[in-house]
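Step one of this worksheet: look at the structure below.
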Amino acid sequence: DSVEVQIEDQEFQLEPDNELRFEVENKNETVVLELKTGLAEIFGTELVKGKSYTFHFGAKIAVFTWQGCSLKLRGKKGISYISKETPMMFYLNCHASLEQLRVKSEKENIRGPVTMVVGPTDVGKSTLCRILLNYSARMNALGRRPIYVDLDPGQGQISVPGTIGAVMVERPAEVEESFSQAAPLVYHYGHTNMSINSTLYNTLISRMAEVIHQRMDENPRINCSGLIINTCGWVKGKGYQHLTHIALAFEVDVILVLDQERLYNELVRDMPVFVKVVLLPKSGGVVERNNKFRLEGREARIREYFYGSPRNVLHPHTCEVRFSDIKVYRIGSPPIPNTLMPLDMQKTDLETKLEPVTPGLNMMHHILALSFSTTVEEDVVRTTVAGFVCVTNVDTSRQMLTLLSPQPKPLPETIYLMSDVQFMDNNA
Ligand code: ADP
């Protein structure tokens with residue numbers, strides 16, 4: 001029902017501490033932004049004057065200026081407006097406090113700040129992480145190397161939905177990408193919701209924390225830069241228990257709570273005294289996303305994994321593999337009645353059990369993760385994954401699977417882990 005208007009170049013004058021907000025609302029629509037005068041940044045990344053930045057469908061952007069600036073927007077778009085009310089001063093103060101802790105950790109040769117960002121859905125958690133990471137990466141003279149940890153399997157920002165991951169941030173993200181990408185650490189969880197298999201989720205969290213702590217111990221620069229941990233918006237009941245498990249496993253020092261006083265009070269009550277819990281306002285610009293948008297976001301993320309983005313087009317391969325030539329497992333067996341449970345087995349053992357999957361129609365459209373393990377004698381569940389393929393066709397008569405893959409040939413040794421997450425490949 002939105003009226004499409006073709007808008008030619010629109011100029012905006014921003015006073016200091018203001019931001020211009022806009023969205024790209026329609027498919028096939030692009031909006032081009034240019035900084036004409038002054039200084040401005042997008043979620044912590046500085047804009048280069050005179051350079052054109054192109055945004056595509058789904059982008060929800062705020063161009064903020066500390067000093068004042070003029071901007072030009074080209075392309076048709078929905079709402080765009082200037083806001084004078086932003087929480088950027090609070091966020092900058094957070095960055096300054098974290099920076100003090102980094103300096104202290106450098107001097108005393110101790111671990112730098114481990115920060116966790118929490119809050120309900122759609123309050124700008126990912127955006128705050130991005131701002132804090134970009135601010136620390138912008139101080140390149142200091143050589144900060146914070147690690148970004150994304151524990152929300154629903155978005156799969158670091159690789160694809162159904163996974164959790166971590167990546168070292170060496171430079172600010174490009175304006176048009178969300179996080180800078182360098183060899184990430186990725187764990188296969190297999191669901192987009194933590195509640196489906198809490199035991200597995202917690203197991204992976206503990207393992208990931210262990211691995212990251214080890215890396216920090218080995219590298220002083222990473223160690224003093226610390227971590228920024230993004231979490232998912234499920235903050236009640238069991239969701240809250242997950243948050244406290246994360247805090248414990250990663251040994252967090254700082255928890256930034258966005259927008260929810262109740263959650264803030266609970267954490268102040270339950271966290272040890274040395275954990276600093278800070279309540280922060282959310283930005284009025286954060287856009288609420290409905291389930292449809294979330295689903296589209298997931299799909300777009302997977303499509304980008306295989307096909308790349310407009311600024312980095314990828315050409316995936318399609319290959320066939322015989323049922324008998326592929327080793328597929330899933331983690332967690334279906335629940336069995338207590339009476340049938342072997343005496344020496346716990347429910348939690350079942351949830352992290354590796355179960356062979358017989359190839360067939362049940363695999364259609366599913367994402368399969370390629371484990372770094374090659375035999376089931378290894379600790380497959382707690383091992384990271386190298387990449388993903390998608391099952392685009394199952395031919396039962398010929399006993400063949402068709403896979404969409406970044407690699408030309410399936411690797412024969414690989415153990416594939418089947419995800420609940422599915423992807424319909426329209427390009428095929
Ligand atoms: P959460 O991680 O809490 O779910 P996000 O950080 O992903 O929330 O933010 C939701 C959406 O709002 C994102 O698309 C983001 O780009 C957008 N957004 C965040 N801050 C602003 C802002 N100040 N103005 C406009 N859009 C914003």
Side-chain angles (χ1 to χ4, degrees), residues 12 14 17-25 31 33 40-45 47 53 55-66 71 73 77-92 94 115-135 148-158 161 164-165 173-179 192-194 228-236 239 243 246 255-260 263-264 279-298 300-301 304:
F12 296 88
L14 273 68
D17 298 335
N18 288 359
E19 72 184 21
L20 173 69
R21 295 171 184 162
F22 64 89
E23 296 183 35
V24 186
E25 287 186 308
V31 173
L33 168 78
E41 58 187 47
I42 292 182
F43 305 133
T45 302
L47 297 183
Y53 297 96
F55 298 93
H56 300 267
F57 174 60
K60 299 171 192 304
I61 302 296
V63 192
F64 179 82
T65 178
W66 293 103
L71 300 165
L73 270 189
K77 67 211 170 299
I79 333 144
S80 58
Y81 65 99
I82 294 174
S83 172
K84 296 178 188 305
E85 301 288 328
T86 82
M88 288 299 283
M89 200 58 194
F90 293 101
Y91 298 173
L92 182 68
C94 281
T115 308
M116 171 162 114
V117 177
V118 302
T121 48
D122 298 333
V123 288
K125 292 184 297 299
S126 311
T127 306
L128 175 58
C129 289
R130 187 171 161 185
I131 292 170
L132 293 174
L133 289 163
N134 283 336
Y135 279 177
Y148 175 52
V149 180
D150 181 25
L151 301 181
D152 183 358
Q155 302 193 77
Q157 267 174 337
I158 288 175
I164 55 174
E174 298 288 332
V175 164
E176 290 123 323
E177 72 183 1
S178 26
F179 290 93
T192 52
N193 189 321
M194 304 185 303
I228 305 278
I229 306 172
N230 196 3
T231 59
C232 68
W234 184 30
V235 296
K236 287 192 195 138
L243 293 182
I246 294 167
I255 304 183
L256 304 177
V257 187
L258 276 170
D259 194 48
Q260 206 183 76
L263 178 61
Y264 165 79
L279 182 63
L280 289 171
K282 75 165 184 183
S283 165
V286 177
V287 187
E288 252 184 58
R289 294 165 293 187
N290 55 25
N291 280 341
K292 180 169 170 277
F293 191 88
R294 250 173 250 281
L295 209 69
E296 281 174 359
R298 266 175 214 155
R301 190 66 206 94
E304 190 183 341

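One-based numbering, in listed order, for ligands and for the atoms of each.
- Residues that satisfy the salt bridge (charged side-chain N to carboxylate O under 4.0 Å, His left out) test with Asp259, not counting sequence neighbours, are absent from this structure.
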Give the intermediate values and the outcome of side-chain contact (heavy atoms from CB on, under 4.5 Å) for residues Asp17 and Phe64.
CA-CA 7 Å; Asp17 298 335; Phe64 179 82; 4.1 Å; yes
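- Ligand 1 lies under 4.0 Å from heavy atoms of Glu19, Arg21, Phe43, Lys60, Ile61, Ala62, Asp122, Val123, Gly124, Lys125, Ser126, Thr127, Ser283, Gly285, Val286, Val287, Arg289.
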Kindly indicate, with the supporting measurements, whether the criterion side-chain contact (heavy atoms from CB on, under 4.5 Å) is fulfilled by Met194 and Leu151.
CA-CA 10 Å; Met194 304 185 303; Leu151 301 181; over 6 Å; no
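- Residues forming a side-chain contact (heavy atoms from CB on, under 4.5 Å) with Leu263 (at least two apart in sequence, or on another chain): Val118, Val235, Tyr240, Leu243, Val257, Gln260, Glu266, Leu267.
- Checked against a 6.0 Å centroid threshold, the rings of Phe22 and Phe55 count as neighbours.
- With sequence neighbours left out, Glu296 forms a side-chain hydrogen bond (donor to acceptor under 3.5 Å, both in side chains) with Lys292.
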